[in-house]
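Some notes on the structure that comes next.
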There are 2 protein chains.
Amino acid sequence: MWLNDREARVWRAHLALHRDLQAVLERRLARDSGLSLADYALLVPLSESPDGLVRARDLATAVGWERSRLSHHLSRMESRALITRETCPDDARGAMVRLTPEGRAAITAAAPDHVATVRRTFLDPLTDADLAALDDIYSRLSAALAAEE
Amino acid sequence: MWLNDREARVWRAHLALHRDLQAVLERRLARDSGLSLADYALLVPLSESPDGLVRARDLATAVGWERSRLSHHLSRMESRALITRETCPDDARGAMVRLTPEGRAAITAAAPDHVATVRRTFLDPLTDADLAALDDIYSRLSAALAAEE
DNA sequence: CCAAGTTTGTTGATGTGTCATCATAAGGTG
DNA sequence: CACCTTATGATGACACATCAACAAACTTGG
């Protein structure tokens, strides 16, 4: 029932690694570009979409957030003029989210440094074999997680 | 400079996996025992310490938190009678944190189910070779992260 | 010994995430 | 069509995390 030494070490390392990685990325991104990781996460799918226009529901799916969190965060981003909200033509319940020029400028300015930090802290220390192993492991873990509930 | 397909897939899988894993663990723990993951993280080192007594500074180090976060969270846990605060005999600045019987009962009741969930969602899908690979990878990544700043 | 610098813990303000709830609108079934 | 169920998004209350600032106590170099 309890974890053996290696299990406990790997599990704790997983938690600690993610905690510290998140903290470093968050700090650097905020310092360099005034964006949070949450802002960045939303700006990526928006900037990749034609006209920077995505339905809120689809944005929630893309980033894996609950609708409530998305709604609150969009309000904050709207007040900073990174996005605007429009009505959805197909579905009167829906809301469309549009990337503003300021929003596009923000992600364009932030991305290179952010990607570089991800490289330095995560990808560079990994060999090709590591990457292949992680690719396999993560796909199995996410399948196991999907089975939960 | 940009990530290739596999790099992007692994990086996004890493983020998504941790996000969803955290969400499942948080929900189950809260539902089954009324504790948050933050509560649990603090209760573990406290319950492992003789007399359930740990200096606040050392607790912060053990869980990797900033002092401010720890102080706020201890206040909330104190109001729920999970811990108490005492003066530190060696250092008049310090604060000692003591696990109450209620706190010990809470972690004792919560641990088996929580560990079982960690097994089901994280450890069970991994082979011995996976565990060995992760052990190695995580130690390299945490070294790289320590070099950052 | 003393002044300067550091460590420890707390606090209040602010930004953020979650939960329960709500209003509105779509979809499905009789 | 009417009815029930589901989906969508917003909101207010609350729990939580981060930041800057602070007070008190320890440490160190002169």
Side-chain angles (χ1 to χ4, degrees), chain A residues 15 18-31 34-43 53-80 82-98, chain B residues 15 18-31 33-42 53-80 82-98:
Chain A
L15 294 176
H18 192 85
R19 184 193 62 217
D20 297 343
L21 199 49
Q22 189 102 356
V24 165
L25 293 175
E26 185 86 58
R27 277 185 145 77
R28 294 208 167 250
L29 186 62
R31 198 195 55 192
L35 295 176
S36 67
L37 285 178
D39 297 331
Y40 192 90
L42 293 181
L43 291 175
L53 194 64
V54 180
R55 184 166 173 184
R57 177 194 52 181
D58 302 327
L59 199 49
T61 304
V63 297
W65 290 7
E66 303 186 3
R67 285 195 305 270
S68 170
R69 178 181 177 190
L70 179 61
S71 179
H72 281 296
H73 204 87
L74 287 177
S75 298
R76 293 188 289 262
M77 290 177 74
E78 198 172 16
S79 77
R80 292 192 288 147
L82 296 171
I83 58 108
T84 55
R85 284 195 247 220
E86 305 177 5
T87 62
C88 176
D90 308 333
D91 186 336
R93 296 168 301 182
M96 302 298 295
V97 183
R98 187 187 294 274
Chain B
L15 294 176
H18 191 85
R19 184 194 61 216
D20 297 343
L21 198 50
Q22 190 102 356
V24 165
L25 293 175
E26 186 87 57
R27 276 183 147 78
R28 295 208 166 250
L29 186 62
R31 198 194 56 190
S33 59
L35 296 175
S36 67
L37 284 176
D39 297 330
Y40 192 90
L42 293 181
L53 194 64
V54 180
R55 185 167 173 182
R57 176 194 55 181
D58 302 328
L59 199 50
T61 304
V63 296
W65 289 8
E66 302 186 4
R67 282 195 302 275
S68 171
R69 178 182 177 189
L70 179 62
S71 178
H72 282 296
H73 204 90
L74 287 176
S75 298
R76 292 188 291 263
M77 290 177 75
E78 198 172 15
S79 77
R80 293 192 287 150
L82 296 171
I83 58 108
T84 55
R85 285 195 244 221
E86 305 177 5
T87 62
C88 177
D90 306 333
D91 186 337
R93 295 168 302 179
M96 303 298 294
V97 183
R98 186 186 295 273

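Lettering of chains follows the sequences in order, A, B, ..., and the numbering in each one begins at 1.
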**Message:** Using whole Å, what does the distance between atom P of nucleotide D/dA7 and atom CG of A/L59 come to?
**Reply:** 19 Å
**Asked** Checking only heavy atoms, does the side chain of B/S75 share a donor-acceptor pair with the base of C/dT10 at less than 3.5 Å?
**Response** no
**Message:** Counting only side-chain heavy atoms from C-beta out, which of D/dA25, D/dG9, D/dA10 sits nearest to A/R85?
**Reply:** D/dA10
**Message:** Within the 4.0 Å heavy-atom criterion, would you say A/R67 contacts the bases, only the backbone, or no part of the nucleic acid?
**Reply:** base
**Prompt:** Does a side chain donor of either B/S33 or B/R28 reach within less than 3.5 Å of an acceptor in the other side chain?
**Reply:** no
**Prompt:** Rounded to whole angstroms, how far apart are CD on B/E26 and P on D/dC16?
**Reply:** 9 Å
**Item:** Distance in angstrom units between B/R93 CZ and C/dT11 P, rounded
**Value:** 18 Å
**Message:** Which nucleotide wins on minimum distance to the side chain of B/A38, given the candidates D/dA17, C/dT16, D/dG9?
**Reply:** D/dA17
**Message:** Keeping A/E26 on the side-chain end and A/L37 on the backbone end, is there a donor-acceptor pair under 3.5 Å?
**Reply:** yes
**Request:** Return the value, rounded to whole Å, for the distance between atom CD of B/Q22 and atom C1' of C/dT16.
**Result:** 15 Å
**Asked** Any idea which of C/dT8, C/dC19, C/dG17 is nearest the B/R55 side chain?
**Response** C/dT8
**Message:** Are the side chains of B/I83 and B/L42 in contact, using a 4.5 Å heavy-atom criterion?
**Reply:** no
**base_contact_polar (D/dG9 base, A/H72 side chain, donor-acceptor, <3.5 Å)** = no
**Request:** Please report, rounded to the nearest Å, how far the P atom of C/dG17 is from the CG atom of A/L70.
**Result:** 11 Å
**Message:** In terms of relative ring orientation, are B/H73 and B/W65 parallel, tilted or perpendicular, with 30° and 60° separating the classes?
**Reply:** perpendicular
**Prompt:** Is any side-chain N or O of B/H73 closer than 4.0 Å to OP1 or OP2 of D/dC16?
**Reply:** no
**Atom-pair distance (CG on B/D91; P on C/dT7), nearest Å** = 13 Å
**Message:** Distance check needed: C/dA25 C1' versus A/D90 CG, whole Å only.
**Reply:** 14 Å
**Request:** Verify the contact: side-chain N or O of A/R76 to OP1 or OP2 of C/dT16, cut-off strictly under 4.0 Å; return yes or no.
**Result:** yes
**Request:** Give a yes or no on whether a donor-acceptor pair under 3.5 Å exists between the nucleobase atoms of D/dT11, that is its base, and the side chain of A/S71.
**Result:** no
**Message:** The side chain of B/R69 is closest to which nucleotide in this list: D/dC19, D/dA17, C/dA26?
**Reply:** D/dA17
**Message:** Under a 3.5 Å threshold, yes or no: a donor from one side chain and an acceptor from the other, between A/T61 and A/D58?
**Reply:** no
**Asked** Starting at CG of B/L35 and ending at C1' of D/dC16, how long is that distance when rounded to a whole Å?
**Response** 15 Å
